[in-house]
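A quick note: this is a predicted structure, and the numbers were derived from the prediction, not measured. A note on names: the letters A, B, ... follow the listed sequences, proteins ahead of strands, and every chain is numbered from 1.
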2 protein chains.
Amino acid sequence: MKLQQLRYLREIAKQKLNLSKAANALHTSQPGVSRQIQLLEQELGVEIFTRHGKRLTSITQPGLAILETAQRMLQDADNLKKIGNEFNDKESGTFVIATTHTQARYVLPPVIKRFIERHPKIRLSLRQGSPIEISTWVSSGEADLAIATEAIELFDELVMLPCYEWNRCVVVPPRHPLLQLKELTLESIAQYTIITYDFAFTGRSKINQAFESRGLKPNVVLTALDADVIKTYVEIGLGVGILAKMAFDPARDKKLRAIDAAHLFEPSTTRIGICRNSYIRHYIYDFIEMFATHLDTETINRLLRNPEN
Amino acid sequence: MKLQQLRYLREIAKQKLNLSKAANALHTSQPGVSRQIQLLEQELGVEIFTRHGKRLTSITQPGLAILETAQRMLQDADNLKKIGNEFNDKESGTFVIATTHTQARYVLPPVIKRFIERHPKIRLSLRQGSPIEISTWVSSGEADLAIATEAIELFDELVMLPCYEWNRCVVVPPRHPLLQLKELTLESIAQYTIITYDFAFTGRSKINQAFESRGLKPNVVLTALDADVIKTYVEIGLGVGILAKMAFDPARDKKLRAIDAAHLFEPSTTRIGICRNSYIRHYIYDFIEMFATHLDTETINRLLRNPEN
DNA sequence: TTCCATTACGGGGCACGTAATAATT
DNA sequence: AATTATTACGTGCCCCGTAATGGAA
């Protein structure tokens, strides 16, 4: 059994059973891949794929089990390389953070500034996407870390590290009637059209819950992928915005006013997602601790071992 | 990077850094091993071993990390083969149970009888040893399962599945004074010389605890590795025996009398130890469920994922 | 007809074995 | 002197790439 064969296998699965595409993606020849898969099947004594004549049509039951194990082996092979780099040259390497707009725009900048000051030789990159995309990237090894608020509990191979809780605010144009109220209520908000995050994003479900629990049906006229869009539409008077408090900056957003809404919605927790089986280089530990000071190396390791404590 | 290289690495570590012995154990040549290790070190960019001239003297820090990952990869490689066999021929295979005397002699026989009736083509073997040895075998993959009562919590890579609790009894020759008592007490036992299990065996520590908590210093004249030896010496009048209740069979042990001692000593729990990352063939699930009916496949899988629930 | 997997075949790289060497104990 | 790791060197296997073939859509 060769690691190559497992790489071929993984790529075929990734390319939805198209062997030619897999060969292409791996910059090798079609026959080579075909042959190695056959050899692997022969060695293990089972068919990994079902074939209709000369097409791969599906993965067999043993094939699934094999694929799963193969993926872990390949990840470990990557880990070996990471270990090599780690001790080889501690201060260079790559670091891919997958995150959502809100984090990238409002939370991460100061952290990243400190990080690149401390680790100038690390090639850092940010990949922005939806929570689902983010999780996929991390679990496939394309990214090292996910930072998001929702929907990353779905992936088995990711371990979630709670970082901090945050609340929401309501943003309105200056002189908006809501600014006159002594205390902001859900009922008063519901009188206006609402602009907020898209579903499956930054704690959107918490907003829905709050309104539903009071029997209110808010009129959401626009859902956006990021806070900047929301603010823009609030500015032009399309409605009131509900967004994460950290996404409002009085110095910057002079054309808007924010009203604290912490008492109206459940707080959300932002988490770091990290692939359970991946080797963690020292600068990644360092980054995590910068981002959430309570997550020191020891704590992280404990959480990685016992996911649910 | 080649799996062979990792095998060489693992074997060198196993042979305490003696490269020649490793080459021998793997039925290959010394230079081949040496060379491949060098290539691996070169590829990963770190030294795995420290060398004094031409001797391997120790494993470096990165070497340790590499070794650990390599071992998991090799185990996964084994798992792939197991998966192959599993689907290839469901009813043949091998099954090595590592266990202690007490289990092998008094508990396992009926279970094993049923097992070989149901899976006649499986090559089953029992390996008897001390709890430490047993754990080592399972964690190194030499055995599939450990069945024991103590000391198997020490190995990180083993998951323990609690099977059943058991208590102790005191065995004495016929017409022994202890048989006249209305109720057996630790004080009355302590008046006699005692024969029981060796340290680190079948719940020996529970026995010590009980006496100590009453401020008693029992006079243990003989410690044995198994119940048969204990019984033999009790028969010849050397003292009273304390052993697992299941190790006394009135039909067989006609020259002895047993007195229940469940109220004197904390019960012990017998557990199955299984290597966290190994692929479990269906007949092994089957065996475990025969041994402890509450451990069905689903329960086992859950425990494997969340070790401590 | 096109796309795609498999079979056929040849070349080159590399893993392994034997032999020789060097360094420790 | 004995043990043990490394270097030198040749051979054979096997992986891979090109070309050709055979099924599916």
Modelled atom types, side-chain donor and acceptor of B:N79 and B:D76, under 3.5 Å: yes
N/O (side chain, [X]) to phosphate O (OP1/OP2, [N]) under 4.0 Å:
X	N	answer
B:Q4	C:dC16	yes
A:S34	C:dT6	yes
A:N18	C:dA5	yes
A:S29	D:dT18	no
B:Y8	D:dA5	no
A:S20	C:dA5	yes

Starting from [atom2] on [N], measure out to [atom1] on [X] and report it in whole angstrom.
X	N	atom1	atom2	answer
B:L19	C:dT24	CG	P	16 Å
B:L26	C:dC16	CG	C1'	13 Å
B:K54	C:dA23	NZ	P	6 Å
B:H27	C:dG17	NE2	P	12 Å
A:L40	D:dC15	CG	P	11 Å
B:Q30	C:dT24	CD	C1'	14 Å
B:Q38	D:dT4	CD	C1'	14 Å
B:R7	C:dA15	CZ	P	13 Å

Nearest non-hydrogen partners of B:A13 and B:I59, listed with the distance: CB-CD1, 4.4 Å
Least distance between heavy atoms, B:Q75 atom then B:C275 atom: NE2-SG, 3.3 Å
Approximate separation, where rounding is to 0.5 Å, of B:F155 CZ and B:S139 OG: 5.0 Å
B:R105 bridged to B:D226 by N-O distance under 4.0 Å: no
Lys/Arg-Asp/Glu bridge criterion (N-O < 4.0 Å) met for B:E41, B:R51: yes
Test item: A:S140 side-chain N/O and A:T136 main-chain N/O as donor-acceptor pair under 3.5 Å: yes
A:R35 CZ: over 12 foreign heavy atoms closer than 6.0 Å: no
Of the listed nucleotides ([options]), which one gets closest to any side-chain atom of [X]?
X	options	result
B:P31	D:dT4, D:dA8, C:dA5	D:dA8
A:R51	C:dA5, C:dT6, D:dT6	C:dT6
A:T28	D:dC16, D:dT6, C:dA5	D:dC16

Residue whose nearest DNA chain D nucleotide is more 5′ - A:Q5 or A:R55: A:Q5
Nucleic acid footprint by protein, nucleotides 9-14 of chain D - heavy-atom cut-off 4.0 Å, B for base, S for sugar-phosphate alone: ------
Sugar-phosphate only, base, or nothing, as touched by A:L17 at under 4.0 Å among non-hydrogen atoms: sugar-phosphate
Residue that, paired with A:E11, satisfies side-chain hydrogen bond (donor to acceptor under 3.5 Å, both in side chains) out of A:R7, A:K14, A:Q15: A:Q15
Residue from A:N301, A:T297, A:D296 passing side-chain hydrogen bond (donor to acceptor under 3.5 Å, both in side chains) with A:Y285: A:N301
Interface with DNA chain C, restricted to residues 56-71 of chain B and to heavy atoms under 4.0 Å: none
